[in-house]
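Below: the structure, in structure tokens.
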Amino acid sequence: MNMEKANFSEWYNDVIERAELSDKRYPIKGMNVWRPYGLKVIQRIDDLIREEMERTGHDEARFPLLIPKTEFAKEGEHIKGFDSEVYWVTHGGLNKLDVPMLLRPTSETAMYPMFSLWIRSHTDLPLKIFQIVNVFRYETKMTKSFIRVREIHFFEAHTAHRDLEDAEAQIKEDLEILRRFATKLCIPYLVLKRPDWDKFAGAYYTLGIETLMPDGKTMQLGSIHQYQTNFSVPYEIKYEDEHGEHRYAHQTTYGMSERLLGAVIGVHGDEKGIVFPPAIAPYQIVIVPILVKDKQEMVMAEAKQLRDKLLGRGYRVHLDDRDMRPGAKYYDWELKGVPLRIELGPRDIADRKVVVVRRDTGKKAFVKRGVLWLHIQENLKGIERSLLKKAEERIFTGITEIGTIEEGKGKTGILKMHWCGAEECAREVEVGLEFTILGTPYAEQRDHGRCIHCRKKTDTVVFAAKTY
RNA sequence: GGGCCCGUAGGGUAGCUUGGUCGAUCCUUGUGGCUUUGGGAGCCAUAGACUCCAGUUCAAAUCUGGGCGGGCCCA
């Protein structure tokens with residue numbers, strides 16, 4: 001397989017199909033079938049999100065798929081941002097519905113009428129709810145597995161707070177969740193505050209979470225929004241404070257999707273296929289028995305014993321007992337990204353050892369059974385560390401600082417530049433370089449310079465890239 | 001949303017220009033069997049396709065139009 005930048009797209013489509021993650025032959029565009037192996041991975045990712053939500057006091061809920069048009073229409077900016085990409089349900093059986101319903105493109109308008117009923121007192125706040133469901137967006141025709149789909153596997157956390165300060169603290173917590181979570185996925189990222197013209201429909205401000213794909217384009221992995229009272233006013237989410245005053249809640253949201261999986265595949269993959277970080281690999285270890293004539297039963301019995309011991313230690317293990325040559329199995333599991341492979345044959349059994357092979361480096365180790373547990377533990381950790389380190393190096397070397405638009409011409413990856421904050425100057429950059437302005441770093445930083453276009457003095461830097 | 005390209009077994013393809021030679025090529029895959037297993041084994045037998053609809057024509061995989069699906073570029 002070819003991992004060259006020019007062929008990344010081909011490699012990506014090919015690897016997803018061959019590793020049996022997803023099948024895009026379902027006859028509706030942008031709605032792909034999750035095959036069992038792919039579903040295992042996304043469920044692992046969901047589990048990691050649930051762990052983080054649990055840790056930070058969010059409760060899981062589930063809201064209906066259908067939203068009445070009347071609720072959807074309450075917030076003006078929101079509906080403007082989405083109405084060109086919603087699927088409508090207009091009939092119930094043969095009867096035309098008086099109030100059409102839509103398939104949720106995101107769940108603000110499903111949740112907030114209920115929030116309005118649930119929140120009455122300041123003691124009901126903060127309210128921290130999340131759900132992991134499918135949402136539907138009639139996206140641009142250029143769909144791509146996990147990256148641009150019309151049925152989206154979506155995580156969305158929605159919070160309500162007594163004031164802006166508490167809502168801002170929530171966003172800090174979201175960033176901490178992101179840091180822990182991305183470390184397990186071994187995905188480096190940038191958090192950028194979107195320019196005003198590019199924020200989420202209805203948001204006060206939007207933070208985009210960006211990573212860099214091997215073809216030099218950035219991909220948005222998720223977003224965090226500060227709504228202030230933009231939704232609580234139309235949806236009447238009010239509470240009574242300690243003094244008997246009625247106040248509107250301040251709200252935030254945090255959303256991510258199966259793009260996380262797309263990023264893992266793209267960022268870590270190599271010419272052999274996928275490389276899964278141990279935290280999300282459906283199987284962390286695969287055992288390939290070497291079945292030589294006359295010793296098959298003995299080897300299988302040993303292999304099963306080893307599998308059970310590993311399962312007992314909490315690893316996700318698969319014993320590959322298919323009737324194939326070992327070499328064919330090696331290729332298959334390398335394609336599917338299993339972090340560690342254990343080979344077990346008659347010679348190993350005689351020597352009380354096994355062969356352990358790392359997916360990321362391909363390095364083979366002959367490991368005595370006595371130290372096997374330690375070896376596995378250390379190597380799974382080692383894979384996680386080295387995947388993250390390699391990916392970080394690539395994203396940082398992918399950032400180029402430029403002083404003039406001219407300087408950016410022909411560059412790939414992420415461009416960093418000073419910017420005065422005027423939309424006009426940003427547009428000049430977008431048109432001149434055919435890049436998209438991603439936004440300014442969320443973390444405050446003072447960095448004196450001059451605007452790339454109008455040359456005005458400024459402390460603000462902005463990032464731009466070609467995007468997914 | 002605008003533009004360009006594409007659609008032949010599960011996957012990849014030949015054939016399409018110039019309609020008839022197609023009862024459709026090759027590789028891979030599936031199934032049954034024999035044999036083998038420390039990096040994609042081999043042999044025998046067998047299965048499987050012209051995206052859909054309409055049109056042109058004596059005749060359509062091949063030409064025309066549309067639908068559906070796919071890929072890429074631009075917004």
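Here the structure is a predicted model, which means the values were calculated and not measured. What you see below is based on every heavy atom in this structure, not just the backbone, and it leaves out hydrogens, waters and symmetry mates. Chain letters run A, B, ... following the sequence lines, proteins first, then strands; residues in each count from 1.
- A donor-acceptor pair shorter than 3.5 Å can be found between the side chains of A/E343 and A/Y330.
- Across all strands shown, A/S84 has no heavy atoms under 4.0 Å from either base or sugar-phosphate atoms.
- Distance check on atom P: B/rG30 versus B/rA24 gives 24 Å, rounded to whole Å.
- In this structure, A/Y330 does not pack face-to-face on the six-membered ring of B/rG39, missing the 5.5 Å centre cutoff or the 30° plane limit.
- Spacing between B/rU17 and B/rU62 at atom C1', rounded to whole Å, works out to 10 Å.
- Each of A/E343 and A/E430 lies near RNA chain B, and the nucleotide nearest A/E343 is the one positioned closer to the 5' end.
- For A/R325, a side-chain nitrogen or oxygen approaches OP1 or OP2 of B/rA41 to under 4.0 Å.
- If you find the closest nucleotide of RNA chain B to A/K24 and to A/M324, the one lying nearer the 5' end belongs to A/M324.
- Look at the P atom in both B/rG71 and B/rG12: the space between them is 12 Å, to the nearest Å.
- At a cut-off of 3.5 angstrom, counting only N and O atoms as typed in the model, there is a donor on one side and an acceptor on the other between the side-chain of A/D348 and the base of B/rG38.
- Exactly one of A/I290, A/D348, A/V292, A/I349 qualifies for a side-chain contact (heavy atoms from CB on, under 4.5 Å) with A/V299. That residue is A/I349.
- At B/rG70, one or more side-chain N or O atoms of A/K29 fall inside 4.0 Å of OP1 or OP2 (strictly under the cut-off).
- Taking 4.0 Å as the cut-off between side-chain N and carboxylate O, A/K381 and A/E378 do not count as a salt-bridged pair.
- Out of B/rG38, B/rC72, B/rU37, the shortest distance to the side chain of A/V355 is found at B/rG38.
- Put simply, CZ on A/R347 is 5 Å from C1' on B/rG38, counting in whole angstrom units.
- Between A/Y112 and A/F63, the gap from one ring centroid to the other reaches at least 6.0 Å.
- Across B/rG38, B/rG39, B/rG40, the shortest atom-to-atom separation from the side chain of A/K364 is found for B/rG39.
- Separating the OH atom of A/Y26 from the P atom of B/rG70 is a distance of 12 Å, rounded to the nearest angstrom.
- Taking atom C1' in both B/rC52 and B/rU35, the straight-line distance is 46 Å, to the nearest Å.
- Taking atom OH on A/Y468 and atom P on B/rG71, their separation rounds to 12 Å, with Å as the unit.
- Of the C1' atoms belonging to B/rG10 and B/rG48, the separation is 9 Å, rounded to the nearest Å.
- Atom pair A/I349:CD1 and B/rG38:C1' shows a separation of 12 Å (rounding to whole Å applied).
- If you take atom C1' in B/rU29 and the same atom in B/rC68, they sit 27 Å apart, rounded to whole Å.
- Distance CD1 (A/I16) to C1' (B/rG71): 15 Å, rounded to an integer number of Å.
- For A/E334 against B/rG39, a side-chain-to-base donor-acceptor contact under 3.5 Å is present.
- Counting distance only, with no hydrogens placed and no angle test, the side-chain atoms of A/R341 and the base atoms of B/rG39 include a donor-acceptor pair under 3.5 Å.
- Note: CG (A/L335) to P (B/rG40) measures 16 Å, nearest angstrom.
- Taking the six-membered ring where tryptophan is involved, the planes of A/F136 and A/Y87 are perpendicular, since the angle between them exceeds 60° and thus also 30°.
- A/K295 comes within 4.0 angstrom of nothing in the nucleic acid, heavy atoms only.
- For the C1' atoms, the distance from B/rA59 to B/rU21 is 14 Å, rounded to whole Å.
- Remark: aromatic rings of A/F276 and A/Y283 are distant, center separation not under 6.0 Å.
- Among the protein residues, A/E434 comes within range of no part of the nucleic acid, since none of its heavy atoms lies under 4.0 Å from any strand.
- Checking the phosphate oxygens (OP1, OP2) of B/rG11, a side-chain nitrogen or oxygen of A/R25 falls inside 4.0 Å.
- Helical stems involving RNA chain B, defined as 3 or more consecutive Watson-Crick or G-U pairs under 3.5 Å, span B:1-7 with B:68-74, B:10-12 with B:26-28, B:29-34 with B:42-47, B:51-55 with B:63-67.
- Remark: C1' of B/rG40 and CZ of A/R18 are 11 Å apart, rounded to the nearest angstrom.
- Within 4.0 Å (heavy atoms only), A/V288 reaches no atom of the nucleic acid at all.
- Remark: P of B/rU37 and CG of A/D320 are 17 Å apart, rounded to the nearest angstrom.
- A salt bridge is defined here as a Lys NZ or Arg NE, NH1 or NH2 lying under 4.0 Å from an Asp or Glu carboxylate O, and A/D360 with A/R385 fails to meet this definition.
- For B/rA61 and B/rG2, the C1' atoms lie 32 Å apart once the distance is rounded to whole Å.
- In this structure, A/H78 has its ring center under 6.0 Å from that of A/F200.
- Residues A/W34 and A/Y26 keep their aromatic ring centres 6.0 Å or farther apart.
- For A/K293 and B/rU36, the shortest distance from a side-chain N or O to OP1 or OP2 is below 4.0 Å.
- Salt-bridge check for A/E393 with A/K390: failed, with every basic side-chain N at 4.0 Å or more from each acidic carboxylate O.
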